[in-house]
Amino acid sequence: MGPGELLDVLLAGGRRADRATHVRHLPARDGVRADWPAWADADLVRGYRALGVERPWAHQVDAADAAWSGRHTVLATSTGSGKSLAFWLPALSAVRRGAAGTLLDPGRIETVARRPTVLYLSPTKALAADQLAGLERLLVAAGTRDVRVATCDGDTSRDERRWVREHADVVLTNPDFLHFALLPAHATWSRLMSSLAYVVVDECHAFRGVFGAHVALVLRRLRRLAAAYGAAPVMVLASATTSDPAASAARLLGVAPGDVHAVTADTSPAGRKTVVLWQPPELPGGDGPWAALLPGEDPWSTVITVPRGDGSAARPEGPDDVSPAGGKPDTSGGPGAADGFVDGSVDGRVDGSAAAPEGSGPLGTGERLVAVPQDRPRRTATAEVADLLADLVAAGARVLAFTRSRRGAESVAAATRDHLAEVDPTLPPLVSSYRGGYLPEERRALERAIRDGHLRALATTNALELGVDISGLDAVLIAGWPGTRVSLWQQAGRAGRAGAEGLVVLVAREDPLDTYLVHHPEAALDAPVEATVFDPGNPYVLAPHLCAAAAERPLRAEELELFGPRALELLTELTERGILRRRPSGWYWTHAEPASRMTDLRGAGGEPVRVVETATGRLLGTVDAASADATVHPGAVYVHLGATYVVDELHLEDGAALATRRDVDHGTWARWITSTTVVDVEREVAWGPLTWSYGQVDVTTQVVGYQRRRIPDLQVLSTHELDLPARTLRTTAVWWTAPPEVLEAAGVTLEAAPGALHAAEHASIGLLPLLATCDRWDLGGLSTLVHPDTGHATVFVHDGHPGGAGFAERGFELGPVWLTATRDAIAACPCATGCPACVQSPKCGNANEPLDKAGALRLLTTVLAHATP
């Protein structure tokens, strides 16, 4: 079925026509072929032809030629454009060609004449496993058995790891394994390192923010050690379409932009794609506030702020993809603690972390969350997607439905199966969920099933956004704006791969940002994709990697250029603090503990918690450590591949939760409290009646209980208390205060102040990446009418990483410049009341409520009148 026919299915004979706010037809594109390069290994070419690639696309040959000639290369083209061929053709041809040559430099660690080796790095284990399967198919088709390929990561056994070290020609892994295992033990990997010809960095656009800075420094350490062994590998990077890929790739590698050959012209064919922006309907007045929820959905996502008698407001619960109990929790002020209910289902980003949310904190003391139905609320995006998915599956389509959370994926899959059971009892088994936390073998089985047609649909988190090869899909449903245009087009690219036609439907959540986007298609579909932003020179990130480099091999003065201009200053400081020791021959790590343990690339908050079946000891899955309290506390209902389990015990110290299989008629929602405390004001400037401050803050979150709610009507069955430890994120923040006279001078009343402060906070967070070389997702924020540590209305912007990452400090240093840019961006935006281009945020913990664009503009203008550059 073509996208037009599938769209007719969704429109249901016109009954749903009013829900499609915009339909965009993207034209088909013809492919441009090129001849196989003369240098390409003949057996590999025969293998590709046997797999259906008679001639490659022109962009594949362009990238492969550049890599073969020894140039670092980045290929930034659309999903499904065949980027893998572009890096495997030169890499495997080099392996098969034979010896790497003799390295004669006596200053090297080892002199060798060995067969070339290849190292492949991806942001996820799933992608490495998928590439392994693709390579095995290619080598079988080529009829060659002389290329030894293996994955090696944290799941690889000791014996398997030994075989990889001694025999593998191509090693597929991830930056985490490189950082924690391979580089610290490089002597045992000398065969691989000394012959390293190519390093492939796949889906490199995923390496952004602090995670990207960490990966950039891991790659510098890799290049340094490879050089010590006499190798100078060619770096080949594959990326989704991004802004200025050459500059991003060069920053990732630590080379000049001119040293990277960028291939951006996509010559692969593309079928016609139909993109539909969709808004769920308003609910009939008598249906009640929770009528459109799926079983297991969190009703608190639809509550609104409610004015209290003291002028404060109750704070709504955060979005699906952020866990207030996570490693980067929502921040709240007030002398008491804000509380709310959350399901704790976090899939997070590819870096393993949950985004630091933005949003106004409680505006009074000790208030409780109040659920009040909105006027004519709309159906939830996940409930709508479940209906649409069922219709598409019944029509014979193959579909991916992207959701914002793990719980959302399970709920959509379950509801879709229920809908299909009413139509045809053979259809429900064709639908499953897919998310992080499943066992590797379960994920591989699901990937195979959707590829070969044994499954027609997967309800998935962003875990399938990256390049796992799932082709032949007819449609993609996206439940809620995914946060960036890069993610939107990556998810959309799953529909109609390999030149086939496809349908993409973005279903709006009940959120001002989503609502704006589905009614302003140019903002979602026509604006350029975002740049990949990260800063390898960030001292908070660079310092531990300098220690790791010194532990791997004494760090010499002539090598410092690789780590950037701040390296010498930081090494001096590390030496003065006794962390490193300076000797004439360089800087040395002299401690017993591994230096690599000083930093966590993904900031995930510790090892995942294993969910184990109590009766059998069978491992069911894993949960991020940061969200375990809210997800697998005693009494929690845990859903895994449609089966329900009840958690008996949670042992945080052992990283394990014990659960029993049980069919239940209820779900559980954890209740948490959170507070933010100023720990230390390190720097402060008086701007007339205001203060501009920088220092350390503690963001403390604790799960204190949970509710059991009956499904599907979500009636509260019981409330239970929990005794779990508080989790505290100590980080750095920049903040400014607005005493009553400043609010009055700005014409901001007590009633309007929460919205003005909140809008100013959002806009500030949106602008800081322009000055601090960070990513919006690395930041969190808080705005509150009265904060107990300042005594006034206060806007905080904090780093979303333990210990801070330097972003807030940079904001403090550029205060007037930053706030001026913030005010000007708000003023220049042509919208009337606020939009994603100025004051709305894709990750607001308060569903972008309340926001007062005009009040924020007046308030920032007044603040800047007092600021001194």
Side-chain angles (χ1 to χ4, degrees), residues 70 72 100-112 114 117 119 121 175 178-197 199 201 213-235 250-256 259-260 535-599 601:
H72 300 316
T102 302
L103 306 174
L104 302 177
D105 185 347
R108 303 301 191 187
I109 290 178
E110 189 174 349
T111 299
V112 295
R114 286 193 182 130
T117 56
L119 187 63
L121 302 173
L178 209 61
H179 169 65
F180 286 115
L182 195 154
L183 296 181
H186 60 86
T188 65
W189 291 86
S190 59
R191 183 193 63 86
L192 174 80
M193 297 291 290
S194 60
S195 304
L196 198 56
V199 175
V201 185
H214 279 301
V215 173
L217 291 165
V218 168
L219 291 175
R220 284 159 171 75
R221 288 161 48 201
L222 171 65
R223 292 179 55 225
R224 169 179 176 259
L225 287 177
Y229 281 97
V234 176
M235 314 293 286
R251 191 183 311 119
L252 197 63
L253 301 178
V255 300
D259 293 337
V260 178
D535 181 13
N538 181 335
Y540 294 86
V541 178
L542 177 56
H545 283 279
L546 290 173
C547 293
E552 290 154 4
R553 187 169 187 257
L555 195 55
R556 304 179 187 278
E558 59 269 22
E559 297 173 321
L560 298 190
E561 183 180 357
L562 182 64
F563 294 97
R566 300 201 66 172
L568 181 58
E569 173 191 345
L570 286 171
L571 285 169
T572 301
E573 181 179 344
L574 291 167
T575 302
E576 291 174 351
R577 294 169 58 187
I579 298 173
L580 293 179
R581 181 171 295 178
R582 179 74 165 98
R583 292 174 180 168
S585 55
W587 286 267
Y588 288 75
W589 175 261
T590 59
H591 306 280
E593 61 274 17
S596 58
R597 298 294 172 181
M598 292 180 65
T599 190
L601 303 193

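If you read the sequence from its start, that first residue is 1, and numbering goes on from there.
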What distance do [X] atom [atom1] and [Y] atom [atom2] have between them, rounded to the nearest 0.5 Å?
X	Y	atom1	atom2	result
L571	R566	CG	CZ	12.0 Å
T117	L192	OG1	CG	4.5 Å
I579	C547	CD1	SG	5.5 Å
L121	L219	CG	CG	6.5 Å

Going by the rule side-chain contact (heavy atoms from CB on, under 4.5 Å), which residues pair with [X] if we only count those two or more places apart in sequence or in a different chain?
X	answer
E573	L570, R577
R220	A216, L217, P536, L562, F563
A197	P116
E593	W589, H591

Under 3.5 Å, side chain of [X] to main-chain N/O of [Y], donor-acceptor pair present?
X	Y	answer
H186	E552	yes
R223	L253	yes
H72	V260	no
R556	S585	yes

*Contacts of type salt bridge (charged side-chain N to carboxylate O under 4.0 Å, His left out), residue R581, not counting sequence neighbours*: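 R581 satisfies salt bridge (charged side-chain N to carboxylate O under 4.0 Å, His left out) with no other residue.
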*Using the test salt bridge (charged side-chain N to carboxylate O under 4.0 Å, His left out), find all partners of R583 that sit at least two apart in sequence or belong to another chain.*
none
_Close side-chain approach of L196 to L222, heavy-atom, < 4.5 Å_ =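 Yes, close enough: below the 4.5 Å cut-off.
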_Using side-chain heavy atoms (C-beta onward) and a distance below 4.5 Å, is P184 in contact with P594?_
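Answer no - side chains too far apart.
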*Sort and list the pairs that fulfil ring pair (Phe, Tyr, Trp, His ring centres under 6.0 Å) and have at least one residue in residues 565-588, not counting sequence neighbours.*
none
*Identify, with sequence neighbours excluded, every residue that meets ring-ring contact (aromatic ring centres under 6.0 Å, His included) alongside W189.*
none
_Set of side-chain hydrogen bond (donor to acceptor under 3.5 Å, both in side chains) partners for R224, sequence neighbours left out_ = E559
*What residues, two or more places apart in sequence or in another chain, satisfy side-chain hydrogen bond (donor to acceptor under 3.5 Å, both in side chains) together with H545?*
H214, R221
Nearest atoms (heavy-atom pairs only) where [X] meets [Y]:
X	Y	answer
P233	A226	CD-CB, 3.9 Å
A213	D535	CB-O, 3.4 Å
P539	P544	O-CD, 4.5 Å
A567	L546	O-CD1, 3.9 Å

